[in-house]
Amino acid sequence: MGIWELRHPQREHAQANVEHGTRLPSPRGRRKAGSHTVGGPSDIDPNPHSTTMSRFYGLLTQQLGTRHPMTDSIDGDASGGGGMLEAARREKLKKIKELGVDPWGGRFDDHEAIGQIRAREGEIEIEPQGDCATGQPPEQHGPKVRAAGRIVLSRKKGKLIFIDIRDWTGQIQLFVGRNQVGEEAWELAQCFDLGDLIGVDGELKKTKTGELTIFAEKLHFLTKSIEPPPAKHKGLRDPELRQRMRYLDLIHTEGALERALRRTKIVQSVRNTLASQGFVEVEGPTLHAIAGGAAARPFTTHHNALDIDLFMRIALELHLKRLLVGGIERVYELGRVYRNEGISPRHNPEFTMLEVYQAYGNYETMMDLTEAVIVDAIRAMESGPLSLRERARVMAGGETNSAEAAKTTSDSDSPHPRPLSQRERGDVGMTLPWGDAEIDFTPPFARKTYDELFVEHTGIRADDTAGIARLAEQIGFSTAGKHPDVVKSFVFEERVEGALTGPIFVLDYPASICPLTKRKATNPAVAERFELFIQGMEVANAYTELNDPDLQEELFASQLAGLPEEESMAKMDRDFVRALRHGMPPAGGLGIGIDRLVMLLTNSQTIREVILFPLLRPEKEGDV
RNA sequence: GAGGUUGUAGCUCAGUCGGUAGAGCAACGGACUUUUAAUCCGUAGGUCUCGGGUUCGAGCCCCGACAGCCUCACCA
């Protein structure tokens, strides 16, 4: 992590470094420790607001012409390129202050989103008599606009600068001419760096080449960026940097911001769908005395005042079911759960889970709900207010590769996507890209039983215990002493699940591997459970919930009996069993892994792409 | 936790057989009032992740550590 090490000393001693920069450099810049300086640090007021220092500095730079503030470093002082880049920016920061401008800006009212400004292109009036002979562009009158954004590109051309600024709805070019903005603003513009946030007032017109442009009349400085940005076109490629510095990723990686916003739209849509069906959202405790509801290792923590060990929740289930007992008949929670387990492209220690319970429903009720939740989420994601940026790009003459960009609606300032018309629904389509492939989400999703799929993918009859055991041994599974259903489940996971590109509901699991599920009345060997598979990933899991308190207690006990000592922090949740004794209505229950759903809907191959801040090992002390 | 792989300038990446460290972008100085990955001239920028070892000599070979990624295990 070279950059972390190089950067650190600068930050710590930033002020000192700037002072070093003001020394009269030795002939070739570099200087050894202990060498004398003329007008060294002690002569300089370290207060950056000081006019004394400013004048001194201005004088120096005038006299010296070329200056390399970081080159005369002293021992122990990193003099990397980054330090130079940062020093150059701090120079400009100082100059901005000298100009009487606050480099950290303030409230900036009445600016329009760049996407909206771009949509005003039609308001530009062009006088017909352009003079082609002299190359004079035809007279134009455009609307006065005000925008704010981050500088992402700039092209200096003498007494003229073209600056591209970007906000979260789009990007637009500014024309900053010395004669047009005046001397003061021109001086200010000399202090602009890539990454700075600026505001502009100007007239929306087109350049000779037809580029929609704000011809600046007034410039506003909104915030200085001290850190140099990554390569302006390639952006951040290193996945580690992208995750550690997500803010940079969002600014510079194509599609990163869009993906993040799509996630929020999906989550919003899930809530809308559930609300529209009468479900209410609750917030259960995340600190549990007993971590129940799933088989997973919990994180442990401690409450000091009560002096008790607590667990971060690993599931939402047991508290939601208590609420079912309490009479909240349609209840859900959409929130974070924590599992102290491995990290992989599909696993993050904290992840977002949706659990839904519906009184008097069963797993089939949940199947319909699952389908609705997903289909609605796709429609929401593909419409509404957050596609402004994509639209802006299309209007800028960029590639119109996404059909979605063309059909998004501009009237959508509401937080909720409006219902789409029949025609729009057809346009949106239910097929989404997934790597080189596609996923067809057009409802209804396929529904097949566990046994059907087993035969289909293994060629072995579901009741051929011996044949299944042979195959299991072949794959490398020791079948000795195992229940036939456990063996079958292993083979299913190995040979079937990965092949399920889906979306497909797998129904009716062997009862013995689903202890917390009600069995089919017609066939007690089969549990009323389904899992939804998409691209080999388990996305949803649902049951007809067990509400027999005695059976539940028995199953808890037998489950705990098999656990080794250190894992038996999972204790019997007696209060939960007591709740069941008071009568929990028969119910359908559903769990959806939101991160995985978002992955599938946004064509993200790893969970770290859809979690803004995935867990990483911390940087070493001093590396930041 | 195991195996594989990667770590070079602020960013993106080259670096041959072990022989004094390279490019593009970014930065700095200069020219340029319709550019758009602007162009042109010039300048500067390096603890080759860290620590050992082999060698006359290591970015390169060996050992160890740290971090990312991939696969597997645990799991959703």
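Numbered from 1 within each chain, the chains take letters A, B, ... in sequence-line order.
When the P atom is used for both rC60(B) and rG7(B), the distance is 11 Å, rounded to whole Å. Taking the C1' atoms as reference points, rU55(B) lies 35 Å from rG10(B), given to the whole Å. The gap from the P atom of rA38(B) to that of rG1(B) amounts to 47 Å, rounded to the nearest Å. If you take atom C1' in rC56(B) and the same atom in rG51(B), they sit 23 Å apart, rounded to whole Å. For rG64(B) and rG3(B), the P atoms lie 10 Å apart once the distance is rounded to whole Å. Rounded to whole Å, the separation between the P atoms of rU6(B) and rU16(B) comes to 14 Å. Of the P atoms belonging to rG52(B) and rC11(B), the separation is 25 Å, rounded to the nearest Å. A gap of 11 Å separates the P atoms of rC62(B) and rG18(B), to the nearest Å.
For rU54(B), there is no paired nucleotide, since no Watson-Crick or G-U wobble pair has both relevant distances below 3.5 Å. A 3.5 Å limit on both hydrogen-bonding distances identifies rU49(B) as the Watson-Crick or G-U partner of rA65(B). Using N1 to N3 plus N6-O4 or O6-N4 for Watson-Crick, or N1-O2 and O6-N3 for G-U wobble, each under 3.5 Å, rA2(B) pairs with rU71(B). Base pairing of rA26(B) is not made with any nucleotide, judged by Watson-Crick or G-U wobble geometry with both donor-acceptor distances under 3.5 Å. Under the Watson-Crick or G-U wobble criterion, with both distances below 3.5 Å, rU39(B) is paired with rA31(B). rG59(B) makes up no base pair with any nucleotide shown, lacking Watson-Crick or G-U wobble contacts both under 3.5 Å.
Ile161(A) comes within contact range of no nucleotide atom at all, as no heavy-atom separation falls under 4.0 Å. Gly177(A) comes within 4.0 angstrom of nothing in the nucleic acid, heavy atoms only. Residue contacts shown for Gln180(A) include a base, since a base heavy atom lies under 4.0 Å away. At a threshold of 4.0 angstrom between heavy atoms, the contacts of Arg339(A) include nucleobase atoms, whether or not backbone atoms are also involved. Within 4.0 Å of Ser344(A), counting heavy atoms only, lies no atom of the nucleic acid at all. Within the 4.0 angstrom heavy-atom criterion, base atoms lie near Arg346(A). Residue-level contact check: Gly591(A) touches neither bases nor backbone, having no heavy atom under 4.0 Å from any strand. When heavy atoms are screened at a 4.0 angstrom cut-off, Lys232(A) is found touching the sugar-phosphate backbone but no base atom. Within 4.0 Å of Ala294(A), counting heavy atoms only, lies no atom of the nucleic acid at all. Nucleic acid contact for Asn340(A): none, since no nucleic acid atom lies under 4.0 Å from a heavy atom of the residue.
Between the side chain of Gln173(A) and the base of rU35(B), a donor-acceptor pair under 3.5 Å is found.
Relative to the side chain of Asp193(A), the nucleotides rU34(B), rU12(B), rC28(B) differ in distance, and rC28(B) lies closest.
Distances shown here put a side-chain N or O of Arg608(A) below 4.0 Å from the OP1 or OP2 atom of rC70(B). Considering only side-chain N and O atoms, Arg155(A) lies under 4.0 angstrom from the phosphate OP1 or OP2 of rA38(B). Distances shorter than 4.0 Å separate none of the side-chain N or O atoms of Lys156(A) from OP1 or OP2 on rC32(B). Look at Lys92(A) and you'll find a side-chain N or O under 4.0 angstrom from OP1 or OP2 of rC28(B). For the OP1/OP2 pair of rG68(B) and a distance below 4.0 Å, the side-chain nitrogens and oxygens of Arg242(A) include no atom meeting the criterion.
Checking Leu197(A), Val152(A), Leu174(A) one by one against Ile165(A), the side chain to side chain contact (heavy atoms under 4.5 Å, CB included) holds for a single residue, Leu174(A).
With RNA chain B read from its 5' end, the first of the two nearest nucleotides for Val539(A) and Phe215(A) is the one closest to Phe215(A). Of the two residues contacting RNA chain B, namely Leu160(A) and Arg237(A), the nearest-nucleotide position lying further toward the 5' end is that of Arg237(A).
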So which protein nitrogen or oxygen atoms get under 3.5 Å of nucleotides 1-3 of chain B's nitrogens or oxygens?
none

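Taking the six-membered ring for Trp and the full ring otherwise, Phe299(A) and Phe311(A) have centroids separated by 6.0 Å or more.
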Subject >> ring-ring contact (aromatic ring centres under 6.0 Å, His included) between Tyr363(A) and Tyr543(A), worked out >> reply: CA-CA 5 Å; Tyr363(A) 76 133; Tyr543(A) 306 94; 9.5 Å; no

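For Asp249(A) (side chain) and Leu236(A) (main-chain N/O), no donor-acceptor pair under 3.5 Å exists by modelled atom type. Judged by distance alone, the side chain of Asp485(A) and the main-chain N or O of Pro510(A) form no donor-acceptor pair under 3.5 Å. The backbone N or O of Met367(A) lies less than 3.5 Å from no partner atom in the side chain of Glu371(A), so there is not a single donor-acceptor pair. Side-chain N or O atoms of Glu317(A) include none that pairs as donor or acceptor with a backbone N or O of Glu355(A) at under 3.5 Å.
Between Phe162(A) and rA38(B), no base-stacking contact is recorded for ring centres under 5.5 Å apart and planes less than 30° from parallel.
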Donor-acceptor pairs under 3.5 angstrom involving side-chain atoms of residues 588-602 of chain A: please list them, not counting sequence neighbours.
| residue | atom | partner | partner atom | Å |
| --- | --- | --- | --- | --- |
| Asp595(A) | OD1 | Thr352(A) | N | 2.7 |
| Asp595(A) | OD2 | Arg263(A) | NH1 | 3.0 |
| Asp595(A) | OD2 | Arg263(A) | NH2 | 3.1 |
| Arg596(A) | NH1 | Glu538(A) | O | 3.3 |
| Arg596(A) | NH2 | Arg346(A) | O | 3.3 |
| Thr602(A) | OG1 | Val598(A) | O | 2.6 |
| Thr602(A) | OG1 | Ser604(A) | OG | 2.8 |

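Rounded to an integer number of Å, the gap from Leu212(A) CG to rU34(B) P is 19 Å.
Under the ring-ring contact (aromatic ring centres under 6.0 Å, His included) criterion, Tyr357(A) pairs with no residue, sequence neighbours left out.
Distance check, rounded to the nearest 0.5 Å: SG of Cys514(A) to CG of Asn541(A) gives 8.0 Å.
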